[in-house]
Amino acid sequence: MTSGDNSVKQEEAKKSLNFIEVIVENDLKEGKNDGRLQTRFPPEPNGYLHIGHAKAICMDFGIAQKYGGICNLRFDDTNPVKEDVEYVDSIMEDIRWLGFEWANLYYASDYFQQLWDLAVRLIKQGKAYVDEQSAEEIARQKGTPTTAGTESPYRNRSVDENLALFQAMTDGKVEEGKMVLRAKIDMASPNMHFRDPIMYRVINHPHHRTGTAWKVYPMYDYAHGQSDYFEGVTHSICTLEFVVHRPLYDWFIDQFADSDYRPRQYEFNRLNLTYTMMSKRKLLQLVQEGLVRGWDDPRMPTISGLRRRGYTPRSIRSFVDKIGYTKYDGMIDMALLEHAIREDLNATAPRVSAVLDPIKLIITNYDAGKTETLLAENNPEDESAGNREVTFSGELFIERDDFMEDAPKKYFRLTPGNEVRLKHAYIVKCTGCKKDEAGNVLEVYAEYDPLSKSGSGTEESKRKVKGTIHWVSAADYLDAEVRLYDRLFTVPDLDAEKDKDFRELLNPESLIVRTGCKVESSLASAKALDNFQFQRLGYFNLDPDSTPDKLVFNRTVSLKDSWSKVKDK
RNA sequence: UGCCCCAUGGUGUAAUGGUAACACACCGGUUUUUGGUACCGUUUUUCUAGGUUCGAGUCCUGGUGGGGCAACCA
C-alpha cells in the first residue's frame, strides 16, 4: 500500500462536514467576498445564555477558527426595555468560559446614527413612510398568511412630510405608540415580513449604553443585516426561525450596498433537549417567580447553571459536536448530554469516598480506638493522578442500602453471612445488625480478615469477593450537604403538552437536599466548582455556597447504574 | 388554506447517483478491589406513490406527515 492510499484513508476517517461548512468551503474556494470569512455571535442582552446558545457559539466561533476567519461578538441591543448590563456581563463570561474569544466587541447601539442616516436616505427615495395608526390597526391591515394586507392611509404622504415626522419622532416630540417608520414594500406579499415592515418605533426608556440620547430605536429586521454589512460579516449564521426573514435581510442590504460585497444568512436547527426548555422568556419566569434559585440554578439549562452543576466546557463542546448541525427540527435526548459529562469526568475527576445516607458499620474484631492510614488511588483511569491517604477504623459509615437483612439472590453487598471488600481496605464478613423496636436497622456488624488488606500482597488480599462497597471512617470525616438534582420537568417534550402551563410540569423532585452526609476529610481542601467522583455514586462538585464549616456538593450526574435495573426486575 | 423549511434504526447524525454507517439509548456477555470504566456482541433504519437511470437515501413530480411565518421582540 502506498502512502497516497494512507492519506486518502485518513481523509475518509476525518469527520464529515456539516452543510454550513460545505458552503463556507465552497465560498472560500471560489474567492467570494475576497476570500474572507467573518462570522458574528449576536445575542440580545436580555437574559442568560443557555445550552442552545452554546450550540450557536460553537458554530459561529468554531467555523471561523477552523477556516482561519474571525468571529466577533455583537450585542443586538436595539430594544432597551428588555436589556441590561447584567446580561451583557454574563454573556461575555459564559462565552469565555466555553473556551472562545471574540476578535472584536461590537454593539448594534454603536450604529444607531448610521442606521438613522440610512433610514432618512430610504425616506428620501420614497421607500419609507411614517405611519400614525395604532399597533392594533397596523396588525389588522397586515392581513393573514392566506389573505393580502391593505395599505395604510398614510402610505403615500410626501417625502417632506415623512422627513419632518421622523425628525419629530427622533426629537422626542412623539408619544410611544403614536408613530412608526415603515418600509414601503408590498402589502400583498406572500411573505408576511414584506408587508411594509416597521423599521423604527418610539421608546421612552433609557438604553443601557446610550442612555436617553435616542427616542427612536431600529427593529431587528432593519438593524441586523445592516450591522452585518457595516462590520463586513460574510456568513451570518442563525437558527431556522429566521429563514422567512432572509428575503427581507437581503432586501434592506440591497437598498444601501455600494459594492458587490454581501453578507449572506444561513440557518441551522435550534437545539431542543428532552425534559427541559430553551425559551428565554419562560426561563426568566422560572427565575422571577422563584421556581428555581436563579439563572445559575444547577437545574437550569443555562450555561451558568450547567457550570454550577459541574459540567465542564469540554463536555459541552463535545456534546455540541456530537449533535451536529442540520435543518431538521428534532429533539436531542438528555442522555447524550449526560454521556458527554460522564465521558469527560471519568477521565479527569478525582475519586473520593462519600456516604450520602449513612449507617454505622462496626467491625467487631478490630481494636476499638485503633486507626490506620491506607493508600487510595485518585483515578484508576489516570495513573499520574497519584494516591492519597485515607483513615480506616473499626467504626465506619456505609450507605444504608449497602446492607439488607433479607437480600435477593443477586445482591452482592452486606447481608448476614456475606463477604464484601471495603474499597482500598479489608474484606469483611457481615455478622448481623441491631434494630430498634420498629425494625429499623441502627447498626451493622461485621468481622474483618486482617490478612486481606488491600495491596498487602498476601494470598488473602487477592481473594475475589463479589462485591465492593465504599465507606468513610467514623474517626475521620467531614459533614456535608449534598444536593441531588434530577430533570427539571416530568415530560420529555414540553411542546407536546400544549394544554398545560409549563409550570405544572415542573418535577417536584428536581432537587433533593441531603444533610448529614459523611465525606472523607481530604475534601477539606476542595475549591468551588472542583469536580469529584463520589465512588459508586456519581460525579459531584463543590457548590459556591460551600464554606469550610458547611460543605455543600452538587450532584452533576449519577454513575450509570445497572444494579437498579436488576433490582427492579 | 398562502409562502417557506424539513423527512435515514428508539434519539440524533453520516453516506462523489454505486455494499446504508457512526454516536447515544436499549438488551446480552467478558474483564473489574467502583453493579463505574473498558471491550465484545444482539435487535432495529432510507415517510408514501410514480418517474428518470444499468443503478436512487441522494435527482424530478404528486401525496402524506412535521415545523416556521400574521410582536411597535430578537
Side-chain angles (χ1 to χ4, degrees), chain A residues 15-18 42-44 46 76-79 81-83 108 131 134-135 138-140 142-149 176-182 189-195 198-203 217 219-221 223-224 238 240-247 267 269 274 280-281 322-340 342-343 346-347 351 353 377 380-381 410-413 420-425 427 452 454-455 461-470 492 495 533-538 558-567:
Chain A
K15 195 172 180 298
S16 57
L17 304 177
N18 65 54
E44 183 188 18
N46 67 344
D76 234 337
D77 55 349
T78 55
N79 185 359
V81 177
K82 290 186 170 182
E83 298 156 9
D131 197 335
S134 67
I138 290 175
R140 207 172 307 128
K142 201 131 199 175
T144 71
T146 54
T147 60
E176 271 187 35
K178 294 297 184 194
M179 291 184 196
V180 291
L181 181 72
R182 301 176 73 179
S189 172
N191 183 335
M192 297 295 291
H193 298 280
F194 269 70
R195 324 251 261 224
I198 292 172
M199 294 174 67
Y200 273 91
R201 74 288 211 193
V202 175
I203 298 177
Y217 291 88
M219 297 284 289
Y220 167 85
D221 279 309
H224 198 90
C238 60
L240 246 23
E241 66 271 25
F242 291 102
V243 168
V244 285
H245 293 249
R246 194 196 322 137
E267 311 88 7
N269 57 343
T274 55
K280 264 199 209 175
R281 204 193 85 242
K322 287 177 211 294
I323 62 178
Y325 298 87
T326 67
K327 301 176 92 157
Y328 176 71
D329 183 27
M331 172 83 67
I332 305 288
D333 194 332
M334 182 65 92
L336 191 59
L337 217 209
E338 295 180 342
H339 165 75
R342 285 194 187 105
E343 184 181 48
N346 177 52
R351 273 58 171 171
S353 193
E377 61 187 348
E381 306 294 316
K410 287 192 169 176
Y411 188 79
F412 304 140
R413 308 177 189 183
V420 302
R421 161 75 65 181
L422 294 174
K423 183 76 180 173
H424 308 306
I427 292 172
S452 67
S454 238
S461 74
K462 291 170 187 162
R463 278 173 52 211
K464 304 278 183 200
V465 289
K466 199 74 175 146
T468 300
I469 67 172
H470 64 282
D495 288 336
Q533 185 195 93
F534 286 2
Q535 276 187 117
R536 298 210 302 137
L537 299 177
S558 67
L559 249 31
K560 290 219 286 186
D561 180 10
S562 53
W563 161 244
S564 65
K565 288 167 191 162
V566 175
K567 186 177 57 178

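In what follows, chains carry the letters A, B, and so on, assigned in the order in which the sequence lines appear, proteins first and then strands, with residues in each chain numbered from 1.
Distance CZ/Arg182(A) to CE/Met199(A): 12.0 Å, rounded to 0.5 Å.
For Asn346(A), the listed nucleotide lying nearest its side chain is U37(B); candidates were U37(B), C24(B), A74(B). Closest to the side chain of Ser454(A), out of U33(B), G2(B), G35(B), is U33(B). Side-chain proximity of Pro145(A) to the nucleotides G35(B), C24(B), G2(B) is greatest for G2(B).
Looking at heavy-atom distances under 4.0 Å, Pro42(A) makes no contact with the nucleic acid at all. Backbone-only engagement by Val243(A) is indicated by non-hydrogen atom pairs under 4.0 Å involving sugar-phosphate atoms exclusively. Residue Phe194(A) is classed as having no contact, given no heavy-atom separation below 4.0 Å to the nucleic acid. Looking at heavy-atom distances under 4.0 Å, His224(A) makes no contact with the nucleic acid at all. Contact annotation for Gln533(A): base contact, defined as any heavy-atom pair under 4.0 Å involving a base atom. Within 4.0 Å of Phe242(A), counting heavy atoms only, lies at least one base atom of the nucleic acid. Ser189(A) comes within 4.0 angstrom of no nucleic acid atom, judged by non-hydrogen atoms across all strands. Note on Arg413(A): a base of the nucleic acid sits closer than 4.0 angstrom, heavy atoms only. If you check every strand for non-hydrogen atoms under 4.0 Å, Gly455(A) touches a base. In this structure, Gln535(A) reaches the bases: a heavy-atom distance under 4.0 Å links it to at least one base atom across the strands shown.
Between Arg201(A) and C73(B) there is a side-chain N or O to OP1 or OP2 distance below 4.0 Å. Distances shown here put every side-chain N or O of Lys280(A) at or beyond 4.0 Å from the OP1 or OP2 atom of C73(B). OP1 or OP2 of G36(B) sits under 4.0 Å from a side-chain N or O of Ser562(A). Under 4.0 angstrom from either OP1 or OP2 of C69(B) there lies no side-chain N or O belonging to Lys142(A).
Positionally, the nearest nucleotide of RNA chain B for Pro190(A) lies more toward the 5' end than for the other of Pro190(A) and His424(A).
For the P atoms, the distance linking C47(B) with C40(B) amounts to 31 Å, nearest Å. Across A21(B) and G41(B), the matching P atoms stand 14 Å from one another, rounded to whole Å.
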### Task
For nucleotides 6-18 of chain B, just jot down a letter per nucleotide in 5' to 3' order: B, S or -, based on protein non-hydrogen atoms under 4.0 Å.
SS---SSSS----

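For Arg342(A) against G36(B), a side-chain-to-base donor-acceptor contact under 3.5 Å is absent. Donor-acceptor pairing under 3.5 Å, judged by distance alone, is absent between the side chain of Glu267(A) and the base of G68(B). Contact annotation: side chain of His193(A) to base of A71(B), donor-acceptor pair absent below 3.5 Å. The base of U34(B) has none of its N or O atoms less than 3.5 Å from a complementary donor or acceptor on the side chain of Arg536(A). Checked by distance alone, Arg351(A) brings a side-chain donor or acceptor within 3.5 Å of a matching partner on the base of U34(B).
Note: Tyr220(A) and His245(A) have perpendicular aromatic rings, judged against thresholds of 30 and 60 degrees for the angle between ring planes.
In secondary-structure terms, RNA chain B builds stems of at least 3 consecutive Watson-Crick or G-U pairs, each pair having both distances under 3.5 Å, at B:2-7 with B:64-69, B:10-13 with B:21-24, B:27-30 with B:38-41, B:47-51 with B:59-63.
Separating the CD1 atom of Ile427(A) from the P atom of U34(B) is a distance of 12 Å, rounded to the nearest angstrom.
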